[in-house]
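Report on one structure; see the data block that follows.
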Amino acid sequence: MTVPSLPTQYVPADVETKLYERWVAAGYFEADPARNPDSPAYTIVIPPPNVTGSLHMGHALDHSIQDTLVRRRRMQGHEALWLPGMDHAGIATQNVVERELAREGLSRHDLGREAFLERVWQWKGESGGRILGQMKRLGDSVDWSRERFTMDAGLSHAVGTIFKRLYDDGLIYRAERIINWCPRCLTALSDIEVEHADRDGELVSIRYSDEIVVATTRAETMLGDTGIAVHPDDPRYAHLVGTEVELPLTGRRIPVVADEHVDPEFGTGAVKVTPAHDPNDFEIGRRHTLESITIMDERAVITVHGPFQGLDRLEARPAVVAALREEGRIVREIRPYVHSVGHCSRCRTVVEPRVSLQWYVKVAPLAKAAGDAVRDGSVTIEPPELAARYFAWVDNMHDWCISRQLWWGHRIPVWYGPDGEQASFGPDEQVPAGWTQDSDVLDTWFSSGLWPFSTLGWPEETADLKRFYPTSVLVTGYDILFFWVARMMMFGLYAMDGVPPFKTIALHGMVRDEHGKKMSKSFGNVVDPLDWIERFGADATRFTLLRGANPGGDVPVAEDWAQGSRNFCNKLWNATRFAMMNGAHVNGDLPAAHSTVDAWILSRLRTVIGEVDRHLEAYDFAKACETLYHFAWDEVCDWYLELSKVPLAEGGAAADATRRVLGEVLDTVLRLLHPMIPFVTEELWTALTGGQTLVRAAWPAVEDSWTDDEAETVITSLRGLVTEVRRFRSDQGLKPGQRVAAALEFGTSPLARHEESIRSLLRLTAPDEGFSATASLPVEGVVVRLDTAGTIDVAAERARLAKDLTLARKEVAQTSGKLGNADFVAKAPEAVIAKNQARLDAAHADIARLETQLAALPSG
RNA sequence: GGGCGCAUAGCUCAGUUGGUUAGAGCGCUGCCCUUACAAGGCAGAUGCCGGGGGUUCGAGUCCCUCUGCGCCCACCA
């Protein structure tokens with residue numbers, strides 16, 4: 001890129017793909033366990049997106065954060081590995097392929113297990129993993145040579161290995177229990193795969209006998225009732241406990257039992273008990289050895305009692321109510337009732353509790369370790385407030401149902417012998433002839449729970465595993481803290497002898513729309529990151545997300561924000577363009593005796609480097625972005641570049657020094673921004689410095705020698721003066737470009753050395769022969785006399801000065817009152833008192849100045 | 001039912017251990033194509049910091065309370 005070829009606008013499409021391909025080809029993102037043995041490793045494993053997924057804003061946020069962390073560490077010389085991959089996503093993927101089959105009029109059963117699985121693999125090869133290509137558009141600096149998939153041979157081996165180990169340790173067992181069942185997906189679900197939502201329903205009161213009335217929202221389940229429960233201490237029913245009543249419609253006789261679970265305050269204090277179709281009732285039934293009658297099949301179609309047989313549960317509900325009404329069993333009216341209903345998190349179908357035989361992980365010991373690792377500080381959660389949620393979960397975890405009645409997934413490595421034997425075999429073990437494998441597969445989260453080490457080669461002691469485990473930080477949304485994070489903690493600690501899978505868990509929020517609303521298809525407020533990448537560039541998309549990523553907070557995004565980020569990239573582009581047009585460079589040492597302006601910007605730069613470091617270490621991406629945004633735009637572009645025009649025009653040594661410092665400042669700013677916005681910074685940096693790549697360039701160090709308080713004071717004062725005079729010009733209707741003759745009286749002010757810059761910034765010309773000051777502005781210790789070549793708006797200026805005067809007087813009154821307060825003086829810290837004293841002095845000075853100015857205004 | 005959090009400018013959000021003049025982005029008003037950038041420059045306006053009470057010399061910040069939201073957990077027939 002040569003100077004003349006730099007267009008005036010940054011066009012992301014011209015550089016992004018080109019640069020990404022170059023980075024990958026050069027192997028910049030590839031980690032090597034043998035390289036840099038003395039520098040620390042820095043590892044992040046990507047939360048594996050579903051193979052069915054495509055990039056949405058949530059990924060874009062998650063990845064922008066991880067890329068920022070990894071790219072910075074890489075620049076700091078760490079051996080950085082960001083490992084990519086995908087999850088096979090059991091139910092989700094199987095559903096996709098089944099839908100595809102349905103269009104051909106087929107079901108998976110038509111194909112059979114083996115052919116179906118072949119079909120899924122085929123789908124994966126052709127249509128799956130679209131998201132990987134989209135990650136490249138975002139600029140993710142992942143190590144593609146280490147891409148993994150949860151169904152890879154290696155990862156499947158890890159699944160088999162750990163299953164067998166858990167099985168042998170007695171931490172996996174099979175049991176018949178009541179579980180959440182999705183009648184559409186036809187599989188068991190774990191507790192967290194069920195989402196509860198309030199739904200309008202009806203509470204139906206049914207008279208089971210003259211003395212017992214029960215209420216239910218699921219009337220059809222009464223067909224499976226095998227008991228009635230009352231509280232043991234409830235006097236209303238004490239005499240009935242142990243007796244039997246006839247169950248309406250069925251003619252069956254069912255016992256009345258006493259159970260602590262029943263709340264005597266609720267309803268009539270009597271509960272119908274359906275052990276086969278309600279978790280509470282299941283427990284009650286177990287305690288009182290009640291019969292369990294399953295009344296529905298796996299599709300939730302009624303299988304018992306003639307008249308209702310073949311009806312779907314939702315059809316059976318009103319049918320049962322109608323039949324009961326006919327028998328005169330319905331008490332009074334049916335009440336509308338809002339209650340919480342569980343839905344399958346995959347397909348939204350209402351979940352049906354169902355008794356079945358499933359595999360479980362006994363979580364108590366594993367969850368204990370997972371909690372302790374955070375409690376004892378070996379793993380930290382960012383932001384710390386979210387640790388409470390983590391504890392609430394791991395400390396109260398139920399055993400985890402891991403079997404799914406699906407075909408796509410890791411088949412449970414348990415075999416059954418011809419004589420009813422049961423055994424688990426590891427992946428390298430020989431299964432005896434004639435034994436058949438369990439037909440269920442494992443919950444998708446089982447294999448993703450191994451992700452931080454299965455991807456590195458576990459159980460083999462690979463070089464990668466040694467070098468890159470434990471990982472440094474896990475970055476993910478707080479929404480899958482339970483689904484995924486807790487599981488990785490449990491498995492990591494278990495498999496890796498107590499070494500947790502990551503040192504830090506950095507949680508971020510959800511991406512929301514510009515009004516803070518959740519993005520959803522039905523609401524129509526979903527923003528596609530790829531659309532933004534097309535229109536504003538990957539950098540602008542990333543910057544927008546990072547800028548909104550306050551620790552732990554949700555991230556609202558809107559097109560305006562993205563435009564602002566795009567504009568920022570363009571600003572950097574033009575600042576660099578200006579610098580290059582003026583010969584800025586990075587060669588050689590910084591000039592020893594640089595100007596006050598140069599000293600000021602370097603001093604500020606030093607502070608900014610420190611602040612950016614601090615914010616990034618704290619996972620405060622919003623503040624890191626904000627700091628750089630304002631420094632680059634407000635200070636470098638609006639002031640430093642403008643101020644540098646004077647020495648650059650002057651030429652000679654002054655220009656030489658400025659060219660070098662200008663190069664240094666931009667070089668450093670581009671380095672600092674590179675982790676967040678890699679493309680535009682790379683393009684500009686290589687052009688400006690002639691360097692190879694920013695990807696592996698050094699991260700800026702804080703240069704204490706750059707600190708120069710005096711220069712900062714002088715330039716702050718200069719800015720104050722310029723702003724004040726500009727304000728006057730603006731108020732007086734003087735056009736920005738209009739030259740105005742002025743005489744400057746500096747007295748002893750250090751700003752005297754900057755007269756030329758001041759005149760340049762303010763478009764002030766030297767007083768000529770006919771000079772006649774029409775306004776006099778004393779500001780920052782300098783008196784600026786302006787010849788406005790006409791009358792000024794005295795009334796406007798007087799009003800303005802009067803307003804300022806009022807404010808200053810109010811300030812004096814307030815501050816002196818405060819300082820006159822004995823309590824305040826006695827109790828407030830010295831610094832606060834000194835600050836107030838300074839404010840008082842300043843207010844007094846303002847009053848004097850404003851009075852002088854008012855007096856100096858021409859009358860009329 | 002339990003737990004957590006939020007309420008600050010038109011919108012979305014910052015605001016360290018209480019310190020007196022509460023900030024940002026976008027939006028808004030006026031002027032300007034000033035030779036890096038109009039995706040720009042300069043100047044400017046805008047807040048009973050949800051209501052009430054308390055602690056304190058001092059409260060957006062701490063305590064209590066009310067109101068209105070949001071989220072998570074839960075075996076609410």
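- Going from the C1' atom of B:A74 to that of B:C63 covers 31 Å, rounded to whole Å.
- Looking at which nucleotide of RNA chain B each of A:T268 and A:N582 is closest to, the 5′-most match is held by A:N582.
- Closest to the A:K735 side chain, of the nucleotides B:C26, B:C32, B:G30, is B:C32.
- Nearer to the 5' terminus of RNA chain B, by closest-nucleotide assignment, is the contact made by A:L641 (compared with the other of A:R726 and A:L641).
- A 3.5 Å limit on both hydrogen-bonding distances identifies no Watson-Crick or G-U partner for B:U55.
- A sub-4.0 Å separation between OP1 or OP2 of B:A74 and a side-chain N or O of A:W393 is absent.
- Between A:T723 and B:A43 there is a side-chain N or O to OP1 or OP2 distance below 4.0 Å.
- Applying the side-chain contact (heavy atoms from CB on, under 4.5 Å) rule to A:E724 yields the partners A:R727, A:V779; only residues at least two apart in sequence or on another chain are considered.
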**Report entry** Residues A:V612, A:H615; criterion side chain to side chain contact (heavy atoms under 4.5 Å, CB included); working and verdict
**Finding:** CA-CA 5 Å; A:V612 170; A:H615 292 139; 5.8 Å; no
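- For the P atoms, the distance from B:C64 to B:C6 is 14 Å, rounded to whole Å.
- For B:A24, the paired base is B:U12 (Watson-Crick or G-U wobble, both distances below 3.5 Å).
- Atoms CG (A:N821) and C1' (B:C57) sit 5 Å apart, rounded to a whole Å.
- Atom name C1', nucleotides B:G51 and B:A43: the rounded distance is 38 Å, in whole Å.
- Whole-Å rounding puts the A:Q738 CD to B:C42 C1' distance at 14 Å.
- Remark: A:K835 pairs with no residue by the salt bridge (Lys or Arg N to Asp or Glu O under 4.0 Å) rule, at least two apart or across chains.
- The stretch residues 386-397 of chain A participates, sequence neighbours left out, in these side chain to side chain donor-acceptor pair (under 3.5 Å) pairs: A:R375-A:D395.
- Shown here are the side chain to side chain donor-acceptor pair (under 3.5 Å) partners of A:T221, two or more places apart in sequence or in another chain: A:K272.
- Judged by a 6.0 Å distance limit and a 45° cone about the ring axis, A:R177 is not positioned over the six-membered ring of A:F282.
- Checking B:G18 for Watson-Crick or G-U wobble geometry (two distances, each under 3.5 Å) identifies no partner in any strand.
- Taking side-chain N and O atoms only, A:Q814 has a distance below 4.0 Å to OP1 or OP2 of B:U21.
- When the nucleotides B:A36, B:A77, B:U34 are ranked by their closest atom to the side chain of A:K272, B:A77 comes out on top.
- Residue A:P829 is in base contact, counting any heavy-atom pair closer than 4.0 Å across all strands shown.
- Counting to the nearest Å, the P atom of B:G44 and the CZ atom of A:F728 are 14 Å from each other.
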Identify all side-chain donor-acceptor contacts of residues 188-196 of chain A below 3.5 Å with residues at least two apart in sequence or on another chain.
| unit_1 | atom_1 | unit_2 | atom_2 | d |
| --- | --- | --- | --- | --- |
| A:S190 | OG | A:E193 | OE1 | 3.1 |
| A:D191 | OD1 | A:N180 | ND2 | 3.3 |
| A:E193 | OE1 | A:S190 | N | 2.7 |
| A:E193 | OE1 | A:R404 | NE | 3.3 |
| A:E193 | OE1 | A:R404 | NH2 | 2.6 |
| A:E195 | OE1 | A:R348 | NH1 | 3.0 |
| A:E195 | OE1 | A:R348 | NH2 | 3.0 |

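- Counting non-hydrogen atoms under 4.0 angstrom, A:A828 reaches a base of the nucleic acid.
- Atom-to-atom, CD of A:E830 to P of B:U20 comes out at 17 Å; the value is rounded to the nearest Å.
- Partners of A:K645 under the side chain to side chain donor-acceptor pair (under 3.5 Å) rule, at least two apart in sequence or in another chain, are A:E642.
- Put simply, CZ on A:R727 is 19 Å from C1' on B:G41, counting in whole angstrom units.
- For RNA chain B, the residues of residues 834-843 of chain A within the heavy-atom distance limit of 4.0 Å (strictly under) are A:K835, A:N836, A:R839, sorted by number.
- Taking atom CG of A:D634 as the reference point, atom C1' of B:G23 lies 13 Å away to the nearest angstrom.
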Check: protein-nucleotides 37-39 of chain B nitrogen or oxygen pairs below 3.5 Å:
| unit_1 | atom_1 | unit_2 | atom_2 | d |
| --- | --- | --- | --- | --- |
| B:C37 | O4' | A:N574 | OD1 | 2.9 |
| B:C37 | O4' | A:N574 | ND2 | 3.4 |
| B:C37 | O2' | A:N570 | OD1 | 3.4 |
| B:C37 | O2' | A:N574 | ND2 | 3.4 |
| B:C37 | O2 | A:K571 | NZ | 2.9 |
| B:C37 | N3 | A:K571 | NZ | 2.6 |
| B:A39 | O4' | A:N567 | OD1 | 3.1 |
| B:A39 | O2' | A:N570 | OD1 | 3.4 |
| B:A39 | N7 | A:Q9 | OE1 | 3.2 |
| B:A39 | N7 | A:Q9 | NE2 | 2.6 |
| B:A39 | N6 | A:Q9 | OE1 | 2.6 |
| B:A39 | N3 | A:R566 | NE | 2.9 |

Polar atom pairs (N or O), protein with nucleotides 4-15 of chain B, under 3.5 Å:
| unit_1 | atom_1 | unit_2 | atom_2 | d |
| --- | --- | --- | --- | --- |
| B:C13 | O2' | A:N550 | OD1 | 3.3 |

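- Across the protein-nucleic acid pair, A:F391 atom CZ and B:G3 atom P stand 19 Å apart, rounded to whole Å.
- Between the C1' atoms of B:C62 and B:C49, the separation comes to 16 Å (whole Å).
- Atom CZ of A:F483 and atom P of B:C73 are 8 Å apart (whole Å).
- Using a 4.0 Å heavy-atom criterion, one finds that A:V557 contacts no nucleic acid atom at all.
- Side-chain atoms of A:H288 and A:D259 include a donor-acceptor pair closer than 3.5 Å.
- For A:Y10, the ring-ring contact (aromatic ring centres under 6.0 Å, His included) partners at least two apart in sequence or on another chain are A:W573.
- If you check every strand for non-hydrogen atoms under 4.0 Å, A:L734 touches nothing.
- When heavy atoms are screened at a 4.0 angstrom cut-off, A:K827 is found touching base atoms of the nucleic acid.
- At a threshold of 4.0 angstrom between heavy atoms, the contacts of A:A579 with the nucleic acid are absent.
- Checking each of A:E352, A:H277, A:E220 against A:R313 for a side chain to side chain donor-acceptor pair (under 3.5 Å) leaves exactly one that passes, namely A:E352.
- At a threshold of 4.0 angstrom between heavy atoms, the contacts of A:H261 include nucleobase atoms, whether or not backbone atoms are also involved.
- A:R839 is linked by a side chain to side chain donor-acceptor pair (under 3.5 Å) to A:E811, counting only residues two or more places apart in sequence or in another chain.
- Pairing for B:G70 is with B:C4, a Watson-Crick or G-U wobble pair whose two hydrogen-bonding atom distances lie under 3.5 Å.
- In this structure, B:A43 forms a base pair with B:U29, meeting either the Watson-Crick or the G-U wobble geometry with both donor-acceptor distances under 3.5 Å.
- With hydrogens and angles disregarded, a donor-acceptor distance shorter than 3.5 Å links the side chain of A:D539 to the backbone of A:V680.
- Residues satisfying the side chain to side chain donor-acceptor pair (under 3.5 Å) criterion with A:D634, sequence neighbours excluded, are A:H630.
- In this structure, A:K818 does not reach the B:U20 phosphate: none of its side-chain N or O atoms is under 4.0 Å from OP1 or OP2.
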